[in-house]
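Working notes for the structure below.
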Amino acid sequence: MSEIFGRYLTRWRLLPDGDPIITRSSRLLPVRMDGTPAMLKIAIDTEEKFGGLLLKWWDGQGAAHVFAHEGVALLMERAEGPASLADMARGHRDDGDDQASRLICRVVEQLHAPAARSRPLPDLVPLAHWFRELELAAARHGGILTTCAETARRLLASERDIVPLHGDIHHGNILDFGPRGWLAIDPKRLTGERGFDYANLFCNPEAAIALAPGRLTRQADVVAEAAGLERERLLKWIMAYAGLSAAWFIGDGEWEPAKAALAVAELAAAELT
């Protein structure tokens, strides 16, 4: 632990307050800063590093506050509330899933709000750059991936409402911060049409829920209304994102989650016919 976190524990006068958390892209440690609960995050890849800059740019508007930032290290507000959007969506009644989606939409609306644009933006990647991987996967594997790639191409050629995007909005990236409410963590380095940020909801919180009969149809209505989006264009973004997600999984050799993402794309395509 000292090799990864030690210099920042000393520099920012932090006390460890839990066990380290290891993810694919970062290393995290719960800490206390003058008694205040916080999370120390060390980015492993470049995207996570730039995501920290975007989190800092939001300045607590719909997202966790950043207390300190230096290179790959980020010290941010820690979520300590007991509630979980994933648990809410897993409830036995549709209204739990609906409530989770509406709460997520409120957070995303704050992230996209014009008030945040008064500050200079960090360097962000255009959404079209991400979709190159879908084009490659579609050329190699065909099928529904081809349809997803064509849909993405048309959306990107007619982008509207361009904003800094979170890029990975799902039930596990919006947490209960107690008195501060629901806030986002772990953004990516992305800019593009705001509708994209809602598409990943339809692949989450897990395949069993995402693929439940009637779920996509119902949630498309809920999200379109809550986010003020055209339902048809939202469905197209769902197709595009699900195809992109499948392309990423295929690239990593993870075939089961790729199949689930492609099934979401098929459901969205069926809604458009």
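Residue numbers run from 1 in the order of the sequence given. Quantities reported herein were computed from a predicted structural model and do not represent experimental measurements. These values consider heavy atoms only, across backbone and side chains, with no hydrogens, waters or symmetry-generated copies.
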>> Closer than 4.0 angstrom, basic N to acidic O: yes or no for E230 and R160?
In response: yes
>> Using a 3.5 Å distance criterion without hydrogens, assess whether the side chain of R153 forms a donor-acceptor pair with backbone atoms of C148.
In response: no
> Below 4.0 angstrom, N of the basic side chain to O of the carboxylate: do E193 and K236 qualify?
Replying inline: no
>> Please determine whether a side-chain nitrogen of the Lys or Arg among E271 and R231 lies less than 4.0 Å from a carboxylate oxygen of the Asp or Glu.
In response: yes
> Donor-acceptor pair, E77 side chain versus H65 backbone, under 3.5 Å?
Replying inline: yes
>> Between E70 and W12, does the side-chain hydrogen bond (donor to acceptor under 3.5 Å, both in side chains) criterion hold? Intermediate values first, please.
In response: CA-CA 11 Å; E70 180 184 298; W12 292 330; 5.0 Å; no
> Any side-chain donor-acceptor pair under 3.5 Å between W58 and Q110?
Replying inline: no
>> Salt bridge or not between K41 and D186? Use side-chain N to carboxylate O under 4.0 Å.
In response: yes
> Is R218 paired with D221 through a side-chain N to carboxylate O contact shorter than 4.0 Å?
Replying inline: no
> Looking only at side chains, do S101 and Q219 share a donor and an acceptor under 3.5 Å apart?
Replying inline: yes
>> Check whether R78 reaches the backbone of V31 with its side chain - one donor and one acceptor, N or O, closer than 3.5 Å.
In response: yes
> For A208, does its backbone N or O pair with a side-chain atom of R215 as donor and acceptor, under 3.5 Å?
Replying inline: no
>> Before you tell me yes or no, could you show the steps for N173 and H166 under side-chain hydrogen bond (donor to acceptor under 3.5 Å, both in side chains), namely the whole-Å CA-CA distance, both residues' side-chain angles and the distance that decides it to 0.1 Å?
In response: CA-CA 10 Å; N173 270 346; H166 180 284; 4.7 Å; no
> Quick check: does any side chain N or O of T151 sit under 3.5 Å from a backbone N or O of T147, one acting as donor and the other as acceptor?
Replying inline: yes
> Do any N or O atoms from the side chain of R13 and from the backbone of L9 form a donor-acceptor pair under 3.5 angstrom?
Replying inline: no
>> Donor-acceptor pair, distance only, cut-off 3.5 Å: does the side chain of R32 make one with the backbone of P16?
In response: no
>> Ring-plane angle category for W255 and H141, please: parallel below 30°, perpendicular beyond 60°, tilted otherwise.
In response: perpendicular
>> Could you check whether any side-chain heavy atom of V223 comes within less than 4.5 Å of a side-chain heavy atom of C105, counting everything from C-beta outward?
In response: yes
> Between S25 (side chain) and D45 (backbone), is there a donor-acceptor pair under 3.5 Å?
Replying inline: no
>> Is it the case that the side chain of D95 and the backbone of D98 share a donor-acceptor pair, with hydrogens and angles ignored and the cut-off at 3.5 Å?
In response: no
> Is a side-chain donor or acceptor of S26 paired with a backbone partner of I22 at a separation under 3.5 angstrom?
Replying inline: no
> Can you find a heavy atom in the side chain of L229 that is under 4.5 Å from one in the side chain of L234?
Replying inline: yes
